[in-house]
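To start, the structure itself, in structure tokens.
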Amino acid sequence: LAKTTQPISMDSYEGQEVNITCSHNNIATNDYITWYQQFPSQGPRFIIQGYKTKVTNEVASLFIPADRKSSTLSLPRVSLSDTAVYYCLVGDLNFNKFYFGSGTKLNVKP
Amino acid sequence: DAGITQSPRHKVTETGTPVTLRCHQTENHRYMYWYRQDPGHGLRLIHYSYGVKDTDKGEVSDGYSVSRSKTEDFLLTLESATSSQTSVYFCAISEPGRDYGYTFGSGTRLTVV
């Protein structure tokens, strides 16, 4: 299973765009990249998933370069409520066995 | 989260006693998982199930057993609880091939004294 590496923490201010990069150098051909958000005392929540290039939904964008060895989660105009831990996972959807890393703790300041 | 419930939400137990945590889903998903979360470790996979009576170990399975006799229920048992098993336990479900990943339960906070 592909191992992922993320920054331990990041700080930002309200209204800024935040980009969190995840490294996954040994990603396999069939692997997808998935990001989750977790608030204190809650289970992680699915944010976005992609395979290559760019994916956008109502809450975030996911940028994946051609070599797929990294990915960047982009959160536009963050608010205080975006303060959370963000996890990057890599795996084959057909096997559905994923390991979480330690995640990136995002702290949004007023 | 809608469609997945964990019970109990909180439990305090004594060292050496057996403990069973229950995960119940109404989504008819094939895969179910148990994770534990401790400070500084993120979420670690304990066991998972890919169908009724089909289970496999995760990365931290020692001291835990699981059972899945029905699609909707996945039980996690600590045969003899230890203080190192004090943690928050999360259940998750997923369906292979779908593009929305896991759905997690709200967690069970277990304290072993």
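Convention: sequence-line order gives letters A, B, ...; per-chain numbering from 1. The analysis underlying the following values was restricted to heavy atoms, covering all of them including side chains, and did not include hydrogens, waters or symmetry mates.
- Aromatic ring pairs are classed by plane angle as parallel below 30°, tilted from 30° to 60° and perpendicular above 60°; the pair A/Tyr36 and B/Phe104 is perpendicular.
- Under a cut-off of 6.0 angstrom, the local environment of CZ in B/Arg44 is crowded, with over 12 non-hydrogen atoms contributed by other residues, nucleotides or ligands.
- Rounded to the nearest 0.5 Å, atoms CG (B/Leu43) and CD (A/Gln38) are 5.5 Å apart.
- We find the CG-OH distance between A/Leu89 and B/Tyr102 to be 6.5 Å, quoted to the nearest 0.5 Å.
- B/Val60 and B/Leu78 fall within a single hydrophobic cluster, where Ile, Leu, Val, Met, Phe, Trp and Tyr side chains are chained together by heavy-atom contacts under 4.5 Å.
- Heavy-atom distances place no part of B/Gln6 under 4.5 Å from chain A, backbone and side chain included.
- Minimum heavy-atom separation, A/Gln42 to B/Phe90: O-CZ, 3.5 Å.
- Residue A/Val59 is grouped with residue A/Ile48 when hydrophobic side chains (ILVMFWY) are merged at heavy-atom distances under 4.5 angstrom, including chains of intermediate members.
- More than 12 heavy atoms of other shown residues, nucleotides or ligands fall within 6.0 angstrom of atom CZ in A/Phe39.
- When the side chains of ILVMFWY residues are joined at heavy-atom separations under 4.5 Å, either directly or via intervening members, B/Leu75 and B/Leu45 end up in two distinct hydrophobic clusters.
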